[in-house]
Amino acid sequence: MVHKYDSKTYELFLACFQALPLAYVLSKRVMVCHGGLFKTDGVKLSDIKKVDRFKEIPDEGIMCDLLWADPVKTQGRSPSKRGISIGFGPDITSKFLADNNLDMLVRSHEMKDEGYEQEHDAKLITIFSAPNYCDQMRNKGAFIIFKGDDMKPNFT
C-alpha cells in the first residue's frame with residue numbers, strides 16, 4: 001500500500017482496520033468474522049469481546065484464528081494451508097455454534113468460484129464479494145441479505 005499512498009495514509013488505514021470488530025453477531029443467531037474458528041474448544045462470545053483489538057495480530061490465539069482460520073471438509077482440526085492458525089472441520093463448527101447458542105457462521109476469507117459456498121451442513125457460509133479476483137480468477141462476487149425472524153440467507 002505504501003507504493004500507492006504515503007506513509008501517513010497507510011497509518012490511517014491501519015488505525016481504521018484496528019477499530020473494526022473482530023466478529024459480530026446478527027440477531028443473536030449468526031456470527032460473522034473474517035477467518036474462522038479456534039485451535040481450542042470452549043471459546044465463548046464473551047472471550048472474543050475481551051480481545052484487545054488495538055495491537056498487532058499475534059501468531060496464535062483468538063484474534064489470529066478469527067482472522068486466519070479456514071474450514072476443511074474433514075472432522076477435527078488440521079494444520080493450516082496458510083502456515084498460520086488452523087483448518088477446522090464440521091464438528092468444530094457445530095460445537096462452537098451449540099456452545100454459543102448460534103445457528104450459523106459466516107466468514108469471507110477465501111475466494112469462491114460462485115462468490116459463496118455453504119459448508120459444514122449449511123452451518124458455515126464463505127462469502128466473497130470481489131468478482132474476478134486479482135483480475136484473473138474469473139470468479140463471481142456475492143453478498144448475503146438476512147431477512148426476518150428465520151434469518152435465512154438470501155444470496156446475490
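What you see below is based on every heavy atom in this structure, not just the backbone, and it leaves out hydrogens, waters and symmetry mates.
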Student: Side chains of F96 and L102, heavy atoms from C-beta outward: is any pair under 4.5 Å?
Tutor: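 In contact.
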Student: Which salt bridge (charged side-chain N to carboxylate O under 4.0 Å, His left out) pairs, counting each pair once, include a residue from residues 137-146, with sequence neighbours left out?
Tutor: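 Passing the test, one end in residues 137-146: E114-K140.
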Student: Check the pair L105 / L37 against side-chain contact (heavy atoms from CB on, under 4.5 Å), numbers first and verdict last.
Tutor: CA-CA 9 Å; L105 174 65; L37 298 178; 3.8 Å; yes
Student: Please give me the minimum heavy-atom distance between G115 and A142, naming the atom from each residue.
Tutor: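 Reported closest heavy-atom pair: O-CB, 3.4 Å.
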Student: Check for me, please, whether I144 and V32 land in the same ILVMFWY cluster - side-chain distances under 4.5 Å, paths through other members count.
Tutor: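 Shared cluster, yes.
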Student: Output every pair passing salt bridge (charged side-chain N to carboxylate O under 4.0 Å, His left out) with a member in residues 17-32, not counting sequence neighbours, ordered by first then second residue.
Tutor: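 The answer is R29-D103.
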Student: Is the number of heavy atoms from other residues, nucleotides or ligands under 6.0 Å of K44 NZ greater than 12?
Tutor: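 Atom NZ in K44 is crowded, with more than 12 foreign heavy atoms closer than 6.0 Å.
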Student: Same cluster or not: V106 versus I48, using hydrophobic residues (I, L, V, M, F, W, Y) connected whenever any side-chain heavy atoms lie under 4.5 Å apart?
Tutor: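 Shared cluster, no.
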Student: Give every donor-acceptor pair under 3.5 Å between a side-chain atom in residues 51-61 and any protein atom, sequence neighbours left out.
Tutor:
| unit_1 | atom_1 | unit_2 | atom_2 | d |
| --- | --- | --- | --- | --- |
| D52 | OD1 | F54 | N | 3.0 |
| R53 | NE | L20 | O | 3.0 |
| R53 | NH2 | F17 | O | 2.8 |

Student: Locate the shortest heavy-atom distance separating R107 from A69; write the atom from each residue and the value.
Tutor: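 Result for this residue pair: NH2-O, 3.2 Å.
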Student: Using side-chain heavy atoms (C-beta onward) and a distance below 4.5 Å, is Y10 in contact with D6?
Tutor: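 A side-chain contact is absent here, since even the closest heavy-atom pair is not under 4.5 Å.
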Student: My understanding is that only residues two or more places apart in sequence, or in another chain, count here; which of them pass side-chain hydrogen bond (donor to acceptor under 3.5 Å, both in side chains) with T93?
Tutor: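 Testing T93 for side-chain hydrogen bond (donor to acceptor under 3.5 Å, both in side chains), a comparison that skips the adjacent residues, returns H120.
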Student: Could you list the residues that satisfy side-chain hydrogen bond (donor to acceptor under 3.5 Å, both in side chains) with S129, not counting sequence neighbours?
Tutor: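 Not a single residue meets the side-chain hydrogen bond (donor to acceptor under 3.5 Å, both in side chains) criterion with S129.
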Student: At their closest point, which heavy atom of F88 faces which heavy atom of L124, and how far apart are they?
Tutor: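 For F88 and L124, the tightest heavy-atom pair comes out as CE1-CD1, 3.5 Å.
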Student: G42 and D47: which non-hydrogen atoms are nearest, and at how many Å?
Tutor: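 Minimum heavy-atom separation between G42 and D47: O-OD2, 3.7 Å.
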Student: Of all the heavy-atom pairs spanning G87 and V72, show the shortest one and how long it is.
Tutor: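 So the minimum-distance heavy-atom pair works out to CA-CG1, 3.8 Å.
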Student: Using the test ring-ring contact (aromatic ring centres under 6.0 Å, His included), find all partners of F146 that sit at least two apart in sequence or belong to another chain.
Tutor: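 So F146 forms no ring-ring contact (aromatic ring centres under 6.0 Å, His included) with any residue.
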Student: Donor-acceptor pair, distance only, cut-off 3.5 Å: does the side chain of T9 make one with the backbone of Y5?
Tutor: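 Not at all, since once roles are kept as given, no pair shorter than 3.5 Å links the two residues.
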Student: Within a strict 4.5 Å, meaning less than it, do heavy atoms of the M31 and C33 side chains meet?
Tutor: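 In contact.
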Student: Please tell me whether F143 and Y116 form a close aromatic pair, meaning their ring centres lie under 6.0 Å apart.
Tutor: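 No; Y116 has its ring centre 6.0 Å or more from that of F143.
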Student: Taking only residues two or more places apart in sequence or in another chain, which ones pass side-chain hydrogen bond (donor to acceptor under 3.5 Å, both in side chains) with D41?
Tutor: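 Result, side-chain hydrogen bond (donor to acceptor under 3.5 Å, both in side chains) vs D41: R77.
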Student: Return the OH to NZ distance between Y24 and K49, rounded to the nearest 0.5 Å.
Tutor: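 That separation rounds to 15.5 Å.
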Student: Examine distances only and state if a side-chain atom of D113 and a backbone atom of N139 form a donor-acceptor pair shorter than 3.5 Å.
Tutor: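 Between the backbone of N139 and the side chain of D113 there is no qualifying donor-acceptor contact (under 3.5 Å).
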Student: Search all heavy atoms of I92 against all heavy atoms of G76 and return the closest pair with its distance.
Tutor: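 Heavy atoms only, the tightest pair is CG1-O, 3.6 Å.
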Student: Mind jotting down which residue pairs meet the salt bridge (charged side-chain N to carboxylate O under 4.0 Å, His left out) criterion with at least one end in residues 81-96? Sequence neighbours excluded, please.
Tutor: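 Found D70-R82, K81-E110, K95-D99.
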Student: Taking I86 as the starting point, is it possible to reach M63 by hopping between hydrophobic residues whose side chains are less than 4.5 Å apart?
Tutor: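 Yes; I86 is reachable from M63 via cluster members.
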Student: Output all residues satisfying side-chain contact (heavy atoms from CB on, under 4.5 Å) with E117, sequence neighbours left out; order by chain, then residue number.
Tutor: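 So E117 forms a side-chain contact (heavy atoms from CB on, under 4.5 Å) with K73, K112, E119.
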Student: Could you list the donor-acceptor pairs under 3.5 angstrom formed between side-chain atoms of residues 147-156 and any protein atom two or more places apart in sequence or on another chain?
Tutor:
| unit_1 | atom_1 | unit_2 | atom_2 | d |
| --- | --- | --- | --- | --- |
| D150 | OD1 | K152 | N | 3.1 |
| N154 | ND2 | I145 | O | 3.4 |
| N154 | ND2 | K152 | O | 3.4 |

Student: Decide side-chain contact (heavy atoms from CB on, under 4.5 Å) for I84 and C64; before the verdict, give the C-alpha distance in whole Å, the side-chain angles of both, and the deciding distance to 0.1 Å.
Tutor: CA-CA 8 Å; I84 190 167; C64 176; 3.6 Å; yes
Student: Checking I62 against F38 for the side-chain contact (heavy atoms from CB on, under 4.5 Å) test, could you report, in this order, the C-alpha distance in whole Å, the side-chain angles of both residues, the deciding distance, and whether it holds?
Tutor: CA-CA 6 Å; I62 290 174; F38 312 99; 3.8 Å; yes
Student: ring-ring contact (aromatic ring centres under 6.0 Å, His included): which pairs involve residues 63-82, sequence neighbours left out?
Tutor: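 Matches after skipping sequence neighbours: W68-H109.
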Student: Is the side chain of N100 donor-acceptor paired with the backbone N or O of L97 at a distance under 3.5 Å, no angle test?
Tutor: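 No, because the side chain of N100 does not come within donor-acceptor range (under 3.5 Å) of the backbone of L97.
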Student: Quick check on the hydrophobic clustering: are V30 and L45 connected, directly or via other members, by side-chain heavy-atom contacts under 4.5 Å?
Tutor: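 No, separate clusters.
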Student: With sequence neighbours excluded, tell me which residues meet side-chain hydrogen bond (donor to acceptor under 3.5 Å, both in side chains) with K39.
Tutor: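 Counting only residues at least two positions away or on another chain, K39 forms no side-chain hydrogen bond (donor to acceptor under 3.5 Å, both in side chains).
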